[in-house]
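Just so it is clear: chains get the letters A, B, ... in the order the sequence lines come, proteins before strands, and each one is counted from 1.
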2 protein chains.
Amino acid sequence: MLLSKTSEYGIRAMLHLAGVGGDVYLPVKRISKDLDISFHFLTKIFQQLTRAELVDSYRGPNGGVRLRCEARSIAVKDILVALEGDDLFTKCVLGLPECGEGHPCPLHEHWARSRMQIETMFGGKSLIDLGAELRSGGFRLRATGEWTEPTK
Amino acid sequence: MLLSKTSEYGIRAMLHLAGVGGDVYLPVKRISKDLDISFHFLTKIFQQLTRAELVDSYRGPNGGVRLRCEARSIAVKDILVALEGDDLFTKCVLGLPECGEGHPCPLHEHWARSRMQIETMFGGKSLIDLGAELRSGGFRLRATGEWTEPTK
DNA sequence: CACAAAAAAGATATAAATGTCTTAAAACGG
DNA sequence: CCGTTTTAAGACATTTATATCTTTTTTGTG
Ligand code: FES
Ligand code: FES
């Protein structure tokens, strides 16, 4: 309910890249196998992330995708904004137009606070940091099995 | 992105009922006009809420729907759970099965905390209280125009 | 009983999200 | 220059969410 499949897959894939780290290109095919996500669907998602300049892509043998060097401090929030826009961080929880103090819905005050906490949660930690935690072990990015650096 | 239209409409309609208060039945037709929501769609939503025993319904002239007397302390969270299940309050933010400390995703610790704050936010205030605030004025439940008690 | 009001239920239509398949373009290696 | 690997792009299929329309059942009123 909270996030779309597109966002879920996108975040998982980006965290996978963050775990690998470095400046090597990882083929989308590889990622889709490692994380058990539909290859073609994931391709579309990475096309969006490439256009949003969060990843570099390169074609041909030894090609693939990797985190952008220039934007290594990107957070999960940036992925969400690139894939879905910033609705989650700006819109009225009841779907009313122009959320603001001017004409609040009955939940506005409460939601505005929650919304900020969510924004901090998604925005507070960089992919770099999350990638390091991932390498330190004990986390997963797919249904079963702990995360491990992809071999080859 | 956060809530479905079903949930948005359902919450708005229930808050409208809470604002009216009392034990009078309000026709769905009336609510749909007051809040500018598709009548037939809203009907389906109230059928769910009736089955979930959050509202009483009554057919025929002077019929309609009203908040259940027995469940006057219901919160927005109860509406959400009735209409969409408790995924928002239990599931992994990345969509992985069996969210828990046992096999956490990289966001688990962060999300688990946010999730609890969201649950508190939606669960903390009763519809009764929100209805009273609504009557005190200054809030809206539709695109434009402050909320007012429906006449007739 | 006849009629109108209203929820309940069912059928259908439309739009959006998700998923799959095919072709094209870029890059590399012989 | 040819074949392979890879992203990019486009076309299509399936499923789910949203929306509308029609029919049935219950209830009250005259
Ligand atoms: S107006 Fe509804 S959350 Fe701001
Ligand atoms: S496992 Fe992902 S939020 Fe708990």
**Complete:** B/Glu8 CD to D/dA19 C1', in whole Å, measures 15 Å

**Prompt:** Rounded to the Å, how far apart are B/Asp56 CG and C/dA8 P?
**Reply:** 11 Å

**Request:** Select base, sugar-phosphate, or nothing to describe what A/Phe46 touches, counting heavy atoms under 4.0 Å on all strands.
**Result:** nothing

**Asked** Near DNA chain D, which residues from residues 9-18 of chain B have a heavy atom under 4.0 Å away?
**Response** B/Tyr9

**Request:** Round to a whole Å and report the spacing from CD of B/Glu84 to C1' of D/dT18.
**Result:** 12 Å

**Message:** Assess whether a salt bridge exists between A/Arg135 and A/Glu149, defined as any Lys/Arg side-chain N lying under 4.0 Å from an Asp/Glu carboxylate O.
**Reply:** no

**Message:** Would you call the rings of A/Phe122 and B/Trp111 parallel, tilted or perpendicular, taking 30° and 60° as the class edges?
**Reply:** parallel

**Asked** Is any N or O donor-acceptor pair between the side chain of A/Arg59 and the base of D/dT7 shorter than 3.5 Å?
**Response** yes

**Prompt:** Can you tell which of C/dA8, D/dT7, D/dT29 lies closest to the side chain of B/Asn62?
**Reply:** D/dT29

**Message:** On DNA chain C, compare the nucleotides closest to B/Gly60 and B/Lys44; which residue's is nearer the 5' end?
**Reply:** B/Gly60

**Message:** Between A/Arg68 and A/Leu54 (side chain of the first, backbone of the second, donor and acceptor by atom type, cut-off under 3.5 Å), is there such a pair?
**Reply:** no

**Complete:** Between the CG atom in B/Leu67 and the CG atom in B/Asp56, the distance rounded to the nearest 0.5 Å is 9.0 Å

**Message:** If I take atom CG in residue A/Leu42 and atom P in nucleotide C/dC21, what distance separates them, rounded to the nearest angstrom?
**Reply:** 16 Å

**Message:** When you measure from the side-chain N and O atoms of B/Ser57 to the phosphate of C/dA6, is any distance below 4.0 Å, counting only OP1 and OP2?
**Reply:** no

**Item:** Contact under 4.0 Å: A/Thr6 side-chain N or O vs C/dT18 OP1/OP2
**Value:** yes

**Message:** Nearest to the A/His40 side chain among C/dA7, C/dA9, C/dT22, which nucleotide is it?
**Reply:** C/dT22

**Asked** Is B/Asp87 salt-bridged to B/Lys91, going by a charged N under 4.0 Å from an acidic O?
**Response** yes

**Request:** Check whether the side chains of B/Thr6 and B/Glu84 place a donor and an acceptor atom closer than 3.5 Å, and report yes or no.
**Result:** no

**Request:** Round to a whole Å and report the spacing from CD1 of B/Ile45 to C1' of D/dA17.
**Result:** 11 Å

**Prompt:** Under 4.0 Å between a side-chain N/O of A/Arg51 and OP1 or OP2 of D/dA9, yes or no?
**Reply:** yes

**Message:** Rounded to whole Å, how long is the line connecting atom OH of B/Tyr58 with atom C1' of D/dT25?
**Reply:** 13 Å

**Request:** Name the nucleic acid region contacted by A/Pro61, choosing base, sugar-phosphate or nothing; use a 4.0 angstrom heavy-atom cut-off, strictly under.
**Result:** base

**Prompt:** Expressed in angstrom and rounded to an integer, what is the separation of B/Gln48 atom CD from C/dA9 atom P?
**Reply:** 12 Å

**Asked** Rounded to the nearest 0.5 Å, how far apart are CD1 of B/Ile79 and CZ of B/Arg12?
**Response** 13.0 Å

**Request:** Measure across B/Phe139 and B/Glu146 and return the closest heavy-atom pair with its distance rounded to 0.1 Å.
**Result:** O-CG, 3.4 Å

**Rounded interatomic separation in angstrom, taking CZ from B/Phe41 and C1' from C/dA15** = 12 Å

**B/Ser38 side-chain N/O to D/dT20 phosphate OP1/OP2 under 4.0 Å** = yes

**Asked** With a non-hydrogen cut-off below 4.0 angstrom, is B/Tyr25 in contact with a base, only sugar-phosphate, or nothing?
**Response** nothing

